[in-house]
Number of protein chains: 2
Amino acid sequence: MTERADAARNRAAVLAAAEALFQREDLDHVSLARIAQAAGVGKATIMRRFGDLLGLVDALIAPRVTALQSRVRSGKPPLGPGGDAVARLHAYLDALLDFVLENRTLIRALEHYGPHAYYANPASRFWIDELADRIHAARPTVDAGYLAHAVFTALRADVIDYLRWHQHMDTERIRAGVHALANPPDLGPNLHR
Amino acid sequence: MTERADAARNRAAVLAAAEALFQREDLDHVSLARIAQAAGVGKATIMRRFGDLLGLVDALIAPRVTALQSRVRSGKPPLGPGGDAVARLHAYLDALLDFVLENRTLIRALEHYGPHAYYANPASRFWIDELADRIHAARPTVDAGYLAHAVFTALRADVIDYLRWHQHMDTERIRAGVHALANPPDLGPNLHR
DNA sequence: GCATAAGTGGACCAGCGGACCGTATCGTAC
DNA sequence: GTACGATACGGTCCGCTGGTCCACTTATGC
């Protein structure tokens, strides 16, 4: 059964309105009613189509997630399969950070509407598992399972936003920090307990 | 002017009821009305005394924060002043992690009621600055400012809870991971890009 | 015992996410 | 072109939230 024409039109209007609102407004000034109003649609239309606000946000990022996933799964190295393990790790971190920087508002909305939905998300599970694999390949001796979660947490959109706007760190400093977190490039003397 | 006797009694009742509720109930089932009811007090009483729910949670953790702060500022080494820089860093991490484990519910409430209040908190600023100092002393070559924030983020109560309950990591694994994050003990070959 | 300042709590508010269901529109079969 | 069943629609209602208001009670100092 194909989607009815008015339904498709409304779905598009809702997605567009939601995206615009999330970009423009502060996160907690965006509400179901405001999205509905901006899309010229009733609240119930949004609810039925997307289940809840979390579903709406999911629908917004889903295509971008799949795009990045396919680059990771079958793109060209070092982000895609093949190549040096260390290079693969760093390429992956760059891709994740860029993804967060480009989609900060949506990711923050995702974190906002589902407290642990962030980690529990199928997408996040993919990112974390992949991260753990690449950490393990590059640094076989560390606890890749824990480190993957820690690094992924450091990539949360609210954390990045906080570092940028409240701590005035520029993105390249953050990028360097994330890389160093996953794979410390320098260790001086006297660093072990 | 001294606090009126009934006011003091109510303050204590509210604090006790709030603490009990935060411990027992899931965070988003705790509401102003329920705390008030449990304390046998009107909502307005809570509001006027603590400003808002964030203030209430603040009042609950404040004494524990000051207790730990004084141990850090003037306790015995290595947590207090003096001693080896690396030992000081690790002692501090242990103290922070223990603090989070002991006060998880309150810290989660704090994070919940003020999205960035968590970091913006004067207390958090103290923890982070101190962490940056100790990281810098132990590892002068790293970006201690960034790393302090990253490690502190890894110590967020919601993150710890997630790792424990959803990822089934025991606390000692998390502890080891946090230490390694702040000061990686081992680096094999081929780890630099 | 009384004046008065301090403290109180239930009614009230605007806002939220979400559910309901009578109605309007669409796609289709004729 | 028309009639009809399925689908999608949105205004209205619900329970709940954090927070405010203000007529009332109570503890305290004299």
Side-chain angles (χ1 to χ4, degrees), chain A residues 1-19 21-22 25-60 106 108-118, chain B residues 1-19 21-22 24-60 105-106 108-118:
Chain A
M1 197 51 187
T2 175
E3 188 180 35
R4 241 171 68 168
D6 54 346
R9 204 181 328 122
N10 280 335
R11 137 175 280 133
V14 168
L15 288 174
E19 166 125 42
L21 271 182
F22 282 127
E25 307 274 332
D26 202 52
L27 187 48
D28 45 58
H29 294 121
V30 177
S31 69
L32 179 57
R34 298 208 33 191
I35 298 174
Q37 190 192 7
V41 141
K43 291 192 296 173
T45 301
I46 297 181
M47 296 303 300
R48 189 158 20 76
R49 198 151 293 280
F50 300 101
D52 56 12
L53 283 184
L54 191 58
L56 170 57
V57 178
D58 244 344
L60 274 171
L106 291 183
R108 291 201 62 168
L110 190 70
E111 295 164 356
H112 181 81
Y113 290 125
H116 278 159
Y118 176 55
Chain B
M1 196 50 186
T2 173
E3 188 181 36
R4 242 170 67 166
D6 54 346
R9 204 181 329 120
N10 279 336
R11 140 176 276 134
V14 168
L15 288 174
E19 166 126 41
L21 271 183
F22 282 127
R24 183 158 19 94
E25 307 275 333
D26 202 52
L27 187 47
D28 45 58
H29 294 119
V30 176
S31 69
L32 179 57
R34 299 209 29 192
I35 298 173
Q37 190 192 7
V41 141
K43 292 193 295 173
T45 301
I46 298 181
M47 295 306 298
R48 192 153 41 75
R49 198 150 295 279
F50 300 102
D52 56 11
L53 281 184
L54 192 58
L56 170 57
V57 178
D58 244 344
L60 274 171
T105 56
L106 290 183
R108 292 202 61 169
L110 190 69
E111 296 164 356
H112 180 80
Y113 291 124
H116 278 162
Y118 176 54

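Computed from a predicted model, the values in this text were never measured in an experiment. In what follows, every chain begins at residue 1, and chains take the letters A, B, ... in the order their sequences are listed.
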Need one value for [X]: base, sugar-phosphate or nothing, where a base atom within 4.0 Å counts as base even if backbone is also close, heavy atoms only.
X	answer
B:Gly51	nothing
B:Ala44	base
B:Ser31	sugar-phosphate
A:Met47	sugar-phosphate

To the nearest Å, how far apart are [X] [atom1] and [N] [atom2]?
X	N	atom1	atom2	value
B:Ile35	C:dG10	CD1	C1'	18 Å
A:Leu32	D:dC14	CG	P	18 Å
B:Arg49	C:dG7	CZ	C1'	7 Å
B:Arg9	C:dG9	CZ	P	10 Å
A:Asp28	D:dT17	CG	P	19 Å
A:Phe50	D:dC9	CZ	P	10 Å
B:Asp52	D:dT20	CG	P	8 Å
A:Leu53	C:dG17	CG	P	5 Å

Quick one: are [X] and [Y] in side-chain contact, heavy atoms under 4.5 Å?
X	Y	answer
A:Leu32	A:Met47	yes
A:Val14	A:Arg49	no
A:Val30	A:Leu53	no
B:Phe50	B:Leu15	yes
B:Leu56	B:Tyr113	no

Quiz item: To 10°, what angle do the rotation axes through the five end pairs on each side of the helix from C:dG1-D:dC30 to C:dC30-D:dG1 form?
Solution: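 The value is 0°.
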Under 4.0 Å: is that the gap between some side-chain N or O of [X] and OP1 or OP2 of [N]?
X	N	result
B:Thr45	C:dG9	yes
B:Asn10	C:dT8	yes
B:Arg48	C:dT8	yes

Exercise. Specify the residue among A:Asp6 and B:Arg34 whose closest nucleotide of DNA chain D lies further upstream toward the 5′ end.
Key: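 That would be A:Asp6.
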Quiz item: Shortest non-hydrogen contact from A:Ala13 to A:Ala39?
Solution: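 Shortest heavy-atom separation between A:Ala13 and A:Ala39 comes out as O-CB, 3.8 Å.
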Self-check item: Non-hydrogen atoms of B:Ala17 and B:Ile35 that approach each other most closely
Solution: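 Heavy-atom minimum between the residues: CB-O, 4.2 Å.
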Self-check item: Where at least one partner belongs to residues 6-19 of chain A, residue pairs that pass side-chain hydrogen bond (donor to acceptor under 3.5 Å, both in side chains), sequence neighbours excluded
Solution: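 As it turns out, the side-chain hydrogen bond (donor to acceptor under 3.5 Å, both in side chains) pairs with a partner in residues 6-19 of chain A, which skip direct neighbours, are A:Glu3-A:Arg11, A:Arg4-A:Asp6, A:Glu19-A:Gln23, A:Glu19-A:Arg64.
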Quiz prompt | Base C:dG10 paired with B:Lys43 side chain (donor-acceptor, <3.5 Å) | solution =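 Flag unset: no donor-acceptor pair detected.
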Quiz item: Has the side chain of B:Arg4 got a donor or acceptor that lies under 3.5 Å from a partner of the other kind on the base of D:dT26?
Solution: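 Present.
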